[in-house]
Amino acid sequence: MSDPTFYEKVYEVVRLVPAGRVTSYGAIAKYLGASRSSRLVGWAMNVSHGVSPKVPAHRVVNRNGLLSGKAHFGEPNAMASRLTAEGIVVVEDQIQHFDEVFWDPELELRVI
DNA sequence: ACAATGACTGAAT
DNA sequence: AATTCAGCCATTG
């Protein structure tokens, strides 16, 4: 990683996501000032397998609340299982009550 | 240095 | 309203 600045930022934001909440790639990208680089966020997650502390990539889904990245986990059910264990309802790889569990860094990490 | 890739998103049809 | 198309931008070969 010659210049993991972007990844580091992504990891940091993802790690800030509280248990029982989820966020979207676009929200993270926007918080980092790169709202159009949502794909890079997903790519960062792809590299986040061996980073430490561990990055809760299971709390990051696409803007529709769909577990788009579940296929990248060792077990396809690992992502849904972890979300369910945190109190998030997932049916058919789709997060239920997505608007209630959605965690927007721009709103939560904003200056109070 | 060029071209291709990708866990997305928004706009157009 | 649902599906399709194109843009976007950092990293890798």
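Throughout, a chain's letter reflects where its sequence line sits, starting with A, and its residues are numbered from 1.
Relative to the side chain of Ala57(A), the nucleotides dA10(C), dG10(B), dA7(B) differ in distance, and dA7(B) lies closest. Nearest to the side-chain atoms of Trp43(A) among the listed nucleotides dT5(B), dA7(B), dT11(C) stands dT5(B). Here dT11(C) is the nucleotide among dC9(C), dT11(C), dG10(B) with the atom lying nearest to any side-chain atom of Phe6(A). Taking the side chain of Leu40(A) as heavy atoms from C-beta on, and the options dG6(B), dA7(B), dG10(B), the nearest nucleotide is dG6(B). Distance from the side chain of Ser37(A) is smallest to dC9(C) among dC9(C), dT9(B), dA7(B). The side chain of Asn46(A) sits closest to dA7(B) out of dT11(C), dG6(B), dA7(B). Of the listed nucleotides (dT9(B), dA7(B), dA10(C)), dA7(B) has the atom at the smallest distance from the side chain of Ser48(A).
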List every contact pair, protein side and nucleotides 5-7 of chain C side both N or O, where the distance is under 3.5 Å.
unit_1: dG7(C); atom_1: O6; unit_2: Arg39(A); atom_2: NH1; d: 3.2
unit_1: dG7(C); atom_1: O6; unit_2: Arg39(A); atom_2: NH2; d: 2.0
unit_1: dG7(C); atom_1: N1; unit_2: Arg39(A); atom_2: NH2; d: 2.8

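dA11(B) atom P lies 14 Å from atom CG of Asn64(A), rounded to whole Å. In this structure, CD1 of Ile28(A) is placed 20 Å from P of dG6(B), rounded to the nearest angstrom. In this structure, His49(A) places its NE2 atom 14 Å from P of dG6(B), rounding to the nearest Å. Residue Ile95(A) contributes atom CD1, which lies 18 Å from atom P of dA7(B) at whole-angstrom precision. Distance, Lys30(A) NZ to dC8(C) P: 17 Å, rounded to whole Å. Across the protein-nucleic acid pair, Arg59(A) atom CZ and dA7(B) atom P stand 22 Å apart, rounded to whole Å. Spacing between atom NZ of Lys70(A) and atom C1' of dG6(B) amounts to 19 Å, rounded to whole angstrom units.
Under a 3.5 Å cut-off, the side chain of Glu106(A) and the backbone N or O of Ile28(A) do not form any donor-acceptor pair. With hydrogens and angles ignored, the 3.5 Å screen pairs no side-chain donor or acceptor of Ser37(A) with any backbone N or O of Leu40(A).
Looking at heavy atoms from C-beta onward, Arg21(A) lies out of side-chain contact with Phe102(A) at the 4.5 angstrom threshold. Side-chain atoms of Val61(A) and Thr23(A), non-hydrogen and from C-beta on, never get closer than 4.5 Å to each other.
Within 4.0 Å of Ser24(A), counting heavy atoms only, lie sugar-phosphate atoms of the nucleic acid but no base atom.
In terms of heavy-atom proximity, Ala44(A) sits nearest to Tyr11(A) at O-OH, 3.2 Å.
Distance NZ/Lys70(A) to CE/Met79(A): 10.0 Å, rounded to 0.5 Å.
Salt-bridge formation is detected for the pair Glu86(A)/Arg59(A): a Lys NZ or Arg NE/NH1/NH2 atom is positioned less than 4.0 Å from an Asp or Glu carboxylate oxygen.
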